[in-house]
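Worksheet: the structure to be examined is printed underneath.
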There are 2 protein chains.
Amino acid sequence: MSTRDYTSMKGLGEFIRTQRELANLSLRQLADLAKVSNPYLSQVERGLYKPSAEVLKQLANALHLSAETFFMQAGLLDDDVYKEASDQVESAIKLDLRLTPDQKDTLIRVYRGFVGDR
Amino acid sequence: MSTRDYTSMKGLGEFIRTQRELANLSLRQLADLAKVSNPYLSQVERGLYKPSAEVLKQLANALHLSAETFFMQAGLLDDDVYKEASDQVESAIKLDLRLTPDQKDTLIRVYRGFVGDR
DNA sequence: AGCAGATGCTTGGTATACTTAGCACCTAGA
DNA sequence: TCTAGGTGCTAAGTATACCAAGCATCTGCT
């Protein structure tokens, strides 16, 4: 297994744009943080270019995500030593010591509602 | 001290050449396996060019080594991922492809509300 | 109205990753 | 001997990742 289901196989560009918008960063802001030009980042997000590994790493740093994550999204680390998304979210929540049991339940319930799981 | 200590601090090219020779492969053989031209591989091994991540991945496969190993050698995966709980939960959410940006936003907002962060 | 600043995008160019053709050297067989 | 095939490397070109300048649109401010 270790399957990567990818029913919603979005491209790397879309992934980056999603992450950028989640972080509430403009194209220019992220481009500056990652030390690339903003037109280039624009083109990358629209899938016109495949960024080099160095750029991927810079983007990962700027977005506070791991480089592994980006490489996986780019299809460069196909070997997913890394967990399935849903299990990942739920176990991360369960492991967070700052959350009370009730809060964990709430979060997980909301999460499951979103992904339509179970 | 990080856990690395690969023989010595040689460049990526030397690393590749060492691995190739350990596998008893000629330049052309490895180049064919990795689907690159042999002059290019020669230049990479001598440090004249930095191969793209795709090429690194192909080389890793051809040499039966992990892509992680190569990325580390290339200095692309230097750091360990920080393991703070909050980062864990938030990045797990961000990584879930089944969630829309709005849903991710909501979840993260709820989460931050619970842990009192920000 | 009009400017000012922010947004993302287009254009045209430069730098560099990568290829094809071929050279020089070596070793093995006929 | 002299091919024949293997080794790694050079040179010159093509493809593409990446950048600088600038455009069009929007929103907010006076």
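Fair warning: this is a prediction, and the values are worked out from it, not measured in the lab. Labels below follow one simple rule: chain letters A, B, ... track the order of the sequence lines, proteins then strands, and each chain is numbered from 1.
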Sugar-phosphate, base or nothing in reach of A:S52, heavy atoms under 4.0 Å: sugar-phosphate
Gap between atoms CG and C1', on A:N38 and D:dC18 respectively (whole Å): 12 Å
Plane angle bin for A:F70 and A:F15 - parallel if under 30°, tilted between 30 and 60°, otherwise perpendicular: perpendicular
Heavy-atom side-chain contact between A:V55 and A:V44 under 4.5 Å: no
Contact nearer the 5' end of DNA chain C, comparing B:L41 with A:R20: A:R20
Sugar-phosphate, base or nothing in reach of A:V44, heavy atoms under 4.0 Å: nothing
Sugar-phosphate only, base, or nothing, as touched by A:V36 at under 4.0 Å among non-hydrogen atoms: sugar-phosphate
For atom CD of A:Q58 and atom C1' of D:dA17, their distance in whole Å: 15 Å
ILVMFWY network linking A:L48 to A:Y40, side-chain heavy atoms under 4.5 angstrom: yes
Range-with-range stems of DNA chain D (Watson-Crick or G-U pairs under 3.5 Å, three or more in a row): C:1-30 with D:1-30
Range on DNA chain C touched by chain A, heavy atoms, distance below 4.0 Å: C:dT7 to C:dT11
Sub-4.5 Å side-chain heavy-atom contact between B:K50 and B:L12: no
Length of the CD-C1' vector between B:Q43 and D:dC9, whole Å: 8 Å
